[in-house]
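Below is one structure; the comments refer to it alone.
Everything quoted here is computed from the prediction, not taken from an experiment. Just so you know, ligand 1 is whichever comes first in the structure, and atom 1 is the first atom listed for that ligand.
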Amino acid sequence: MRAAYRASILHCLSDPGESADLSAVDYFEDGLLLVEDGVVEAVGDAATLLPQCSGMALTEFPGKIIVPGFIDCHVHFPQLDIIASYGEQLLDWLNRYAYPAEQRFADRAHAKEVAGVFLDELLRNGTTTALVFGTVHAHSADVIFEAAMARGMRLVAGKVMMDQNCPEALRDTPESSYAESRALIERWHGQGRLGYAVTPRFAITSSEAQLAAAGRLAAEFPDTWVHTHLAENTSEVDVIRKQFPRHRSYLDVYEQFGLLRERSVFAHCLHLDDDDRQCMAKKGGAAAFCPTSNLFLGSGLFDLRAMRAANVRCGLGTDVGGGTSLSLLRTASEAYKVLHLQDQSLPATRALYLATLGAAEALYLDDKVGNFESGKEADFVVLDPAGTSLSARRTAASSSIDETLFAITMLADDRHVAATYVAGKQCEIK
Ligand code: GUN
Ligand code: ZN
């Protein structure tokens, strides 16, 4: 099955950096994306590629921009229904909103209903791959994997491990969390486009025995992911200091328990020092930059310049329900502002990188997704610069793709996503 898609096409080949390096992006004003059996065959100028396309199904999107599918490096599907809950910083917010919502996931039917709605919302926003937290219930992982498989999405997820400092109803034990996570790995990891993440919530909610159990899983299944939170909030960091007085830093806790390795993804990473950043880069760990959450929960400002200077892999995360949008375009617009406050720049092409190829590198999935190199899976989004009447007016006056992409990023929501494709198939978005 071969198909061709004609529109403006933009994708990243590497990190454009703060100076928007032109050689890091490929742009075809009148472009063609050729897809065969769900995989990218070629991308280039329509004038060059059209002669190879006789007899192929050709879909044209005049005035639209095709970009790679967005990749969300950190999100909690069980928190969908508490998005936009008023007033608290992290530790109180967990107790007041997140934990009660997660307790409702004891009901598998409820978890299944939320999983379907959640993934449809991701697709509506152009997100084709995500790294997803479940709840402590093993069936939370089952239902999100089942829903992702039904939609053909690439998804990495895991059951949360937590055995202390949280409501009784949400606690597992070192032994049960090890056994359940192991069974889920055996059931789901590597099935189609699915992968498993060993998911200790954060060091506050795991005993040392449980962190050690998570570390054992991470060592026994080295191609799984590790997914947790790190240094998000100053009160959280204070608790960690008291809980682990012998450790040099918060990151050092994870490192000592074998949880810092390639495919380890740490949400937030706001309150780190240079030694942490060096260590994270050396061990191949990655950071999820979650600006809407960091602003909403009053957590702090992510230092992208310092992270990238240390060569830490970075991608964007929405962190719903601490975050306030599932749209990675909206997330990128808040990232721009967070960086602006620190005298750092975020050109539109770098924002695109953080939502696509950079995120794929953070997740060690850049051999499969993230841009349109031939052989990669054909996950793509058709952006509509005229998604709203205001953005239509603004982008009509634009004189370059950078200007158009920047305006879409600042003004966008799901109305700017005209279509989403996973593995070459258009998603039917409910
Ligand atoms: N740290 C531990 N758990 C959570 C969570 O659910 N959301 C956020 N934003 N941070 C956390
Ligand atoms: Zn989170």
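Contacts of T205 with ligand 1, taken as heavy-atom pairs under 4.0 Å, are absent altogether. Of all the heavy atoms of E236, none lies under 4.0 Å from any atom of ligand 1, so neither backbone nor side chain is involved. Heavy atoms of I204 found under 4.0 angstrom from ligand 1: none, in either backbone or side chain.
Contact atoms of ligand 1 toward H76: 5 (C), 6 (O), 7 (N) (distance under 4.0 Å to a heavy atom of the residue). Numbered from 1 in the order shown, with element, the atoms of ligand 1 that lie under 4.0 Å from a heavy atom of D319 read 8 (C), 9 (N). Residue-ligand proximity, F202 to ligand 1, at heavy-atom distances under 4.0 Å covers atoms 1 (N), 2 (C).
Under a 4.0 angstrom heavy-atom cut-off, F133 registers as lying outside contact with ligand 1. In this structure, Q79 has a heavy atom closer than 4.0 Å to ligand 1.
More than 12 heavy atoms of other shown residues, nucleotides or ligands fall within 6.0 angstrom of atom NE2 in H110. Atom CZ of R313 has more than 12 neighbouring heavy atoms from other residues, nucleotides or ligands inside a 6.0 Å radius.
When rounded to 10 degrees, the angle formed at the Zn ion (ligand 2) by NE2 (H74) and NE2 (H76) equals 100°. Angle subtended at the Zn ion (ligand 2) by D319 OD1 and H229 NE2: 170°, rounded to 10 degrees.
Side-chain polar atoms of Q164 and Q210 form no donor-acceptor pair below 3.5 angstrom. Between the side chains of S23 and D21, at least one donor N or O lies within less than 3.5 Å of an accepting N or O.
Close placement of the Y421 and Y5 rings is indicated, their centers lying within 6.0 Å of each other. Aromatic ring centroids of H76 and H74 lie under 6.0 Å apart. Between F105 and H137, the gap from one ring centroid to the other reaches at least 6.0 Å. Ring to ring, Y196 and H189 are not that close: their centroids are 6.0 angstrom or more apart.
Checked by distance only, ligand 1 and W93 stay at 3.5 Å or farther apart across all their nitrogen or oxygen atoms.
Looking at H229, H268, H74 and measuring to atom 4 (C) of ligand 1, the nearest heavy atom belongs to H229.
Given atom 3 (N) of ligand 1, the protein heavy atom at minimum distance is R201 NE, 2.8 Å. For atom 10 (N) of ligand 1, the nearest non-hydrogen atom of the protein is E232 OE1, 2.7 Å.
Between the CG atom in L230 and the CG atom in L272 there is a gap of 5.0 Å [rounded to 0.5 Å].
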